[in-house]
Structure formats: structure tokens, C-alpha cells
Protein chains: 2
Amino acid sequence: MENKPSKEDLAFDFDFLDKLIVGIGEVSDITGVPTRKIRYWEDKGIIHSSSESGKNRRFDYKNIKKILLLKELVDEGYTLEAASEKVSKRMEMINKALASLKKKADE
Amino acid sequence: MENKPSKEDLAFDFDFLDKLIVGIGEVSDITGVPTRKIRYWEDKGIIHSSSESGKNRRFDYKNIKKILLLKELVDEGYTLEAASEKVSKRMEMINKALASLKKKADE
DNA sequence: ACGCAATTGTAGATTATTTACAATAATTGT
DNA sequence: ACAATTATTGTAAATAATCTACAATTGCGT
């Protein structure tokens with residue numbers, strides 16, 4: 001552990017984002033989307049959570065990001081369907097970016 | 001919302017890290033430190049959480065990071081005290097890095 | 001008005017966290 | 001060896017947060 005500043009400190013903290021999991025209440029606070037609506041969107045199949053049966057929902061970085069993007073569009077007036085489609089495309093880019101950064105981190 | 005890749009996608013998602021809050025159970029899963037030990041470290045004043053009375057603990061990015069660093073050192077054999085001191089110095093760097101990146105984000 | 005999409009409300013059951021008191025290891029100094 | 005300190009863990013009872021499922025409501029286009 002060094003104690004001089006370095007970009008390793010956090011500039012690319014994917015390791016962290018990769019391990020990140022968050023409960024529904026916190027996701028609601030982070031995104032501003034009510035828990036009830038988050039569950040509704042999940043019912044519709046637009047977002048996903050790792051809900052092992054009998055346990056509470058857990059959301060990873062990608063799905064929190066997705067909720068943030070969905071909220072943006074839905075607030076603008078998009079239908080859920082249209083927003084979902086648009087966000088899916090955007091998520092492809094984000095997934096690619098994450099994958100390539102993860103690759104770099106492995107080197 | 002664009003749909004071509006860009007570094008804005010996530011290369012510096014401080015906005016996200018800044019808003020991030022996580023419950024104790026998830027922090028435990030992320031860091032590998034048992035909840036009981038997290039509470040103990042908080043009792044000792046080494047880490048902090050935003051616990052409004054009557055509500056459950058919430059941890060922000062900085063404190064989760066701190067727990068990860070503490071765990072590293074404690075597992076290596078450091079005393080809690082020594083680990084805490086070393087981590088505090090490291091956190092100064094991380095805080096600086098976060099602050100400067102936040103500044104950039106505001107431009 | 002009608003139909004549909006989107007959202008919200010809520011009750012009762014279940015899961016997770018909290019606090020507080022106590023017990024157990026491990027290490028260090030005398 | 002023994003006492004003292006540090007670090008950790010165990011647990012019970014109360015409280016907070018979440019779960020599911022059924023239902024109601026709102027808003028918008030036809």
C-alpha cells in the first residue's frame with residue numbers, strides 16, 4: 001500500500017463497481033425512483049435483480065445505471081417501452097466499455 | 001442521450017460514486033468483512049456511517065473503500081490502531097483524487 | 001366513454017438490522 | 001504463569017425494511 005497519490009486509487013475502480021451490490025431502498029435513494037416503481041419495472045422485465053428466493057433484492061451497478069437512464073427518459077415523456085429500447089442500446093455501449101476496462105485491469 | 005460509446009459513459013462516474021449509499025449487509029458482501037465486525041470497527045470510531053437514529057446504517061463510497069483497505073492490513077497482521085492510521089493517510093490521497101475529479105466534472 | 005399503460009396503495013408475512021450485554025481468543029507486559 | 005488489553009464473536013428481543021399479491025387510480029390516445 002503506497003501513500004502517494006496514484007490513478008490506481010480510484011480513477012478506474014472497476015473492481016469496485018464489479019463487486020457492487022445494493023438493496024432496493026438504497027437504489028431508490030440513489031436514483032430517486034420509488035421502490036414501488038422499481039419493483040414494477042422489474043415485473044415488466046425491463047430491469048433485473050439478483051433475487052434468490054427468500055432473500056431480498058440486490059442490484060448491481062449495471063442495473064442501477066439502467067434505472068438512472070430509464071428515469072431520465074421516462075421523466076422526459078417517453079413510454080416505458082420506448083425508454084427501455086433506447087436504454088438497452090445505451091447499455092450495450094456501457095457494457096462494452098466496462099468489459100474493455102475490465103480487460104485492462106487484468107493485464 | 002447519445003448511443004455511441006463515450007468516456008462519459010462511465011470512465012469517471014464520480015457522480016455515481018458520490019451518490020452511492022449501501023446498507024451494512026451489502027457492504028459485508030462487497031468487502032468480505034462480517035457485519036458484526038463492521039459495527040465493531042464503527043464503535044471504535046475507525047469507520048463511520050450515516051446512521052440517523054431509528055434508521056439503519058448507510059455507508060458511502062469512502063467508508064466502504066476504507067473498510068476494504070482496513071481489511072487488507074488487518075489480514076496482514078496489523079493491529080487495528082496501526083491499520084487505521086495507515087489507512088487514514090491513504091484515504092487523504094483518495095479524497096484528494098475524488099475532490100479534483102469532482103472539480104473536473106463541474107466544468 | 002373506453003381501453004390500455006403506468007403507477008400507486010396497502011395488509012400481513014418475512015427478512016434484515018439494531019442495540020446491548022456477554023463470552024471467547026489472542027497478545028503483551030510483569 | 002497470570003492479569004490486562006485488544007480484537008472478535010454470539011445472541012436475544014425489538015425495530016426497520018422488504019416481500020408478495022391483490023386492488024385501485026391516473027393519464028393519455030382513440
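So that the names make sense, note that chain A is the first sequence line, chain B the second, and so on, each numbered from 1. Owing to the predicted nature of the structure, the values given are computational and were not obtained by experimental measurement.
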Q: Both B/T79 and B/N56 contact DNA chain D. Which one's nearest nucleotide lies toward the 5' end?
A: B/T79
Q: Is the shortest heavy-atom distance from the side chain of B/E72 to the side chain of B/V87 under 4.5 Å?
A: no
Q: Tell me, please, which residues at least two apart from B/N56 pass side-chain hydrogen bond (donor to acceptor under 3.5 Å, both in side chains).
A: none
Q: Pairs in or reaching into residues 63-87 of chain A: which pass ring pair (Phe, Tyr, Trp, His ring centres under 6.0 Å), with residues at least two apart or in two chains?
A: none
Q: Starting at atom CD1 of B/I46, determine the distance to atom C1' of D/dT8, rounded to an integer number of angstrom.
A: 12 Å
Q: List the residues meeting side chain to side chain contact (heavy atoms under 4.5 Å, CB included) with B/D29, not counting sequence neighbours, and say none if there are none.
A: A/I21, A/R58
Q: With sequence neighbours left out, which residue pairs that include part of residues 16-51 of chain B fulfil the ring pair (Phe, Tyr, Trp, His ring centres under 6.0 Å) condition?
A: A/Y61-B/F16
Q: Does anything in residues 34-45 of chain B reach DNA chain C, meaning a heavy atom under 4.0 Å, and if so which residues?
A: B/R36, B/R39
Q: Restricting to nitrogen or oxygen on both sides, can you table the protein-nucleotides 25-27 of chain D pairs closer than 3.5 Å?
A:
none

Q: Looking at side-chain heavy atoms only, is the closest gap between B/V33 and B/L70 below 4.5 Å?
A: no
Q: Taking the side chain as everything from C-beta on, heavy atoms only, tell me whether A/N63 gets closer than 4.5 Å to A/S49.
A: no
Q: What are the two closest non-hydrogen atoms of B/S28 and B/P34, and how far apart are they?
A: OG-CA, 3.7 Å
Q: Could you give the start and end, 5' to 3', of the contact zone on DNA chain C for chain A, using atoms under 4.0 Å from its heavy atoms?
A: C/dA6 to C/dA16
Q: Evaluate the side-chain proximity of B/I30 to B/I67: yes if any heavy-atom separation is below 4.5 Å, no if none is.
A: no
Q: So which heavy atom on A/T31 is nearest to which on A/K71, and how close?
A: O-CD, 3.2 Å
Q: Would you say B/M91 and B/L69 make side-chain contact, with heavy atoms under 4.5 Å?
A: yes
Q: For A/G25 and A/T35, work out which heavy atoms get closest and say how close.
A: CA-CG2, 4.2 Å
Q: What bend angle does the helix from C/dA1-D/dT30 to C/dT30-D/dA1 show across its length, from five-pair end axes and to the nearest 10 degrees?
A: 30°
Q: Salt bridge (Lys or Arg N to Asp or Glu O under 4.0 Å) with B/K19: which residues, sequence neighbours excluded?
A: B/D15
Q: Once side-chain hydrogen bond (donor to acceptor under 3.5 Å, both in side chains) is applied, do any residues pair with A/K62, and if so which ones, sequence neighbours excluded?
A: none
Q: Does A/V74 or A/K55 map to a spot on DNA chain C nearer the 5' end, using the closest nucleotide for each?
A: A/V74
Q: With sequence neighbours excluded, give me every salt bridge (Lys or Arg N to Asp or Glu O under 4.0 Å) pair touching residues 34-56 of chain A.
A: A/E42-A/R57
Q: May I ask you to list the residues of residues 18-29 of chain A, by number, that have any heavy atom positioned under 4.0 Å from an atom of DNA chain C?
A: none
